[in-house]
Protein chains: 2
Amino acid sequence: MSQHRPTGPNGRSGGVPALPDLPEATVARLPEYLRALHHIAETGNDTISSEGLAAAAGVNSAKLRKDLSHLGSYGTRGVGYDVALLIDQIEFTLGLTQRRAVALVGVGNLGHALAGYAGFASRGFRIAALFDADQARVGEPINGLDVRHISELATVAAAESIAIGVIATPAAAAQDVADALVAAGVTSILNFAPCVLSVPEGVDVRKVDLAIELQILSFHEHRKSALTSLPGGLAEEAVGT
Amino acid sequence: MSQHRPTGPNGRSGGVPALPDLPEATVARLPEYLRALHHIAETGNDTISSEGLAAAAGVNSAKLRKDLSHLGSYGTRGVGYDVALLIDQIEFTLGLTQRRAVALVGVGNLGHALAGYAGFASRGFRIAALFDADQARVGEPINGLDVRHISELATVAAAESIAIGVIATPAAAAQDVADALVAAGVTSILNFAPCVLSVPEGVDVRKVDLAIELQILSFHEHRKSALTSLPGGLAEEAVGT
DNA sequence: CGCGATTTGTGCACGAGTTCACAAGCGCTT
DNA sequence: AAGCGCTTGTGAACTCGTGCACAAATCGCG
Ligand SMILES: NC(=O)c1ccc[n+]([C@@H]2O[C@H](COP(=O)([O-])OP(=O)(O)OC[C@H]3O[C@@H](n4cnc5c(N)ncnc54)[C@H](O)[C@@H]3O)[C@@H](O)[C@H]2O)c1
Ligand SMILES: NC(=O)c1ccc[n+]([C@@H]2O[C@H](COP(=O)([O-])OP(=O)(O)OC[C@H]3O[C@@H](n4cnc5c(N)ncnc54)[C@H](O)[C@@H]3O)[C@@H](O)[C@H]2O)c1
């Protein structure tokens, strides 16, 4: 869930590449298309049909075509999309032409796993700094980076041009950490702590909560088991994110 | 991606509480309400207004009331909702009255963190078994559970009535693992591997992909930085260049 | 016992997102 | 050069979700 500007004032008409005002739902799918495209590129294909790409990304092909049309991307009728070109277009749209620096706060159980995660680097991001409040952890080297004390956040963030922060602290500390991140100039936050963050306008927050995902699955389990005793009902399939 | 029962007449047979056909968006928010309610209960409050609960859960109060009305929950006008009662109602709806057994497959970097996560237990789930394909890891005790070899999955799943599986293996192995889970009777899967899973009808899959979350944030960063460079109108070059 | 303060539940209008279905465009073949 | 099969791009209908605004319900109090 992210915070949202109320219909941003984007009425402009410059000669700029013009950021198309993409539907949020489309934005959320672009990364999936991108991953699928990289996979396809690795298998040697240089073009892909909307049908094929849609299957690889797990979506409906009409939806995929509409999504791509939103960002003005041109495929070739009768042929499909040029894989390399499309990758470039999506990466540009997502702002991945520059590798973005990320700060990770809270190097505990989860933080350790994240700090060592290779998928970060391979998909456009660079963990630029690790922070923790626990002095016992400060100085510990993880994956080539030393854990720093949270008090250094502002300094380091400025030095490394960090605009994205990841919170992996206990929920009780998350709001304080978020405030510190915002104060340090961070404008996008990914929050793993199970709590609601309050941030100023202009700062985006996304949240990942494992328990919530499981509880949603639990609901469907509950429903499925109730249905098996009822006639006429048939089971269902996947659930979107 | 999403699913729909073909207009289930919802013919309630006996005197059973009757499953209301909740909108998917509502289902996705119920866990958040539940978490907020537990938090509120801890602070000693026994009733809460829709306004208060909505704030705690980070949503609009009208939306919250509509969500709750869907599951037939009755608050008291002029007063608010009974916290304890509402917790029970939501937990029942989500199928959390029984503690659900979960199998975790892939005890690597991320899997370790998940296996040690307390939030699992405190929110209605029980990690019933850990699996890995790496013989070197088999037998390792984590948090009171021994890692078992993936070949034991079917046996253990049946014995422990496991209906939910979590995949924390590399993407290359995820589809095989998913197949194995399904074969073992699992009907809900939470997938941390960055890939699309194909599963038979009747099996629910939810996916958590850290890189996707970051890329969505990146998009908004991109957009924000483009906007600040042209506040009024004059636009030369916005990005990159 | 009635009145005002409060808060729920919901009808309704609007907007976002999805899906269908098909014309238009492209390349290959004859 | 014309025809044919394939695939994109998109108008339009439709479904789903959101939020306003207000009537109905309840409580506390004088
Ligand atoms: N472990 C998991 O698998 C998992 C899964 C989902 C969500 N989460 C959530 O992620 C968060 C972290 O979980 P964990 O298991 O790693 O916990 P943890 O206790 O192992 O680690 C938390 C870390 O945050 C640090 N910290 C505490 N307060 C801080 C502050 N003010 N500033 C900076 N650092 C601070 C602690 O020193 C510690 O190192 C929790 O909110 C948890 O609910 C964890
Ligand atoms: N580490 C993270 O923070 C993080 C974050 C987001 C997503 N992920 C994703 O989660 C997955 C796991 O990441 P990780 O860092 O823990 O990787 P990892 O390599 O540390 O662990 C993977 C584990 O899976 C086991 N495994 C491999 N094939 C298996 C099979 N067929 N059956 C059972 N077990 C098998 C391996 O033995 C290993 O123990 C990856 O897909 C990764 O992209 C990781």
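Chain naming here is simple, since letters A, B, ... match the order of the sequence lines and numbering starts at 1 in each. Below, each value reflects all heavy atoms present in this structure, side chains not excepted, and no hydrogens, waters or symmetry copies.
Side chains of B:Thr97 and B:Glu91: no donor on one and acceptor on the other come within 3.5 Å. With hydrogens and angles left out, the side-chain atoms of B:Asp67 and B:Thr26 include a donor and acceptor closer than 3.5 Å.
Among residues two or more places apart in sequence or in another chain, the side-chain contact (heavy atoms from CB on, under 4.5 Å) test is passed with A:Val186 by A:Ile162, A:Leu181, A:Ile189. Residues passing the salt bridge (Lys or Arg N to Asp or Glu O under 4.0 Å) test with B:Arg77, sequence neighbours excluded: none. In this structure B:Asp209 satisfies the side chain to side chain donor-acceptor pair (under 3.5 Å) test together with A:Arg123, sequence neighbours excluded. The side chain to side chain donor-acceptor pair (under 3.5 Å) search around A:Gln175 returns A:Asp179, not counting sequence neighbours. The side chain to side chain donor-acceptor pair (under 3.5 Å) check on B:Tyr117 picks up nothing, with sequence neighbours excluded. Remark: B:Asn191 pairs with no residue by the side chain to side chain donor-acceptor pair (under 3.5 Å) rule, at least two apart or across chains. Residues forming a salt bridge (Lys or Arg N to Asp or Glu O under 4.0 Å) with A:Arg35 (at least two apart in sequence, or on another chain): A:Glu32.
Taking OG1 from A:Thr169 and CG from A:Asp176, the interatomic distance works out to 9.0 Å, rounded to the nearest 0.5 Å. Distance check, rounded to the nearest 0.5 Å: NE2 of B:His220 to OG1 of A:Thr187 gives 11.5 Å. Within the model, atoms CZ of A:Arg223 and CG of B:Leu94 stand 12.0 Å from one another, a figure rounded to the nearest 0.5 Å. Taken to the nearest 0.5 Å, the CD1 atom of A:Ile40 stands 11.5 Å off from the CG atom of A:Asp46. The CG atom of A:Leu114 sits 7.0 Å away from atom CD1 of A:Ile127, with the distance rounded to the nearest 0.5 Å. Expressed to the nearest 0.5 Å, how far CG of B:Leu190 lies from CZ of B:Phe125 amounts to 9.5 Å.
When the C1' atom of C:dT8 is taken as reference, atom CG of B:Leu85 falls 14 Å away, rounded to whole Å. Rounded to whole Å, atom P of C:dT8 lies 11 Å from atom CG of B:Leu86. Rounded to a whole Å, the NE2 atom of B:His70 is 17 Å from the P atom of C:dT8. Between A:Leu68 atom CG and D:dT10 atom P the separation is 11 Å, expressed in whole Å. Counting to the nearest Å, the P atom of D:dC6 and the OH atom of A:Tyr81 are 18 Å from each other. Distance, A:Asp67 CG to C:dT19 C1': 12 Å, rounded to whole Å. A straight line from CG of A:Leu22 to P of C:dA16 spans 14 Å, rounded to a whole angstrom. In this structure, the OH atom of B:Tyr74 is 16 Å from the P atom of D:dC27, given to the nearest Å.
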Output one line per pair: protein atom, nucleotide atom from nucleotides 23-26 of chain C, and distance, for all N/O pairs under 3.5 Å.
| residue | atom | partner | partner atom | Å |
| --- | --- | --- | --- | --- |
| C:dA24 | N3 | A:Arg77 | NH1 | 2.8 |
| C:dG25 | N2 | A:Gly78 | N | 3.4 |
| C:dC26 | O4' | A:Arg77 | O | 3.3 |

Show each protein N/O and nucleotides 28-30 of chain D N/O combination with a separation under 3.5 Å, one pair to a line.
none

Please enumerate all protein N or O atoms sitting under 3.5 Å from an N or O of nucleotides 11-14 of chain C, with distances to 0.1 Å.
| residue | atom | partner | partner atom | Å |
| --- | --- | --- | --- | --- |
| C:dG11 | O6 | B:Lys66 | NZ | 3.1 |
| C:dC12 | N4 | B:Lys66 | NZ | 3.2 |

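Applying a 4.0 Å cut-off to non-hydrogen atoms, the residues of residues 55-65 of chain B that approach DNA chain C are B:Arg65, listed by residue number. Contacts between residues 43-54 of chain B and DNA chain D, counted as heavy-atom distances below 4.0 Å, involve no residue at all.
The shortest side-chain heavy-atom distance between A:Ile216 and B:Arg206 falls under the 4.5 Å cut-off.
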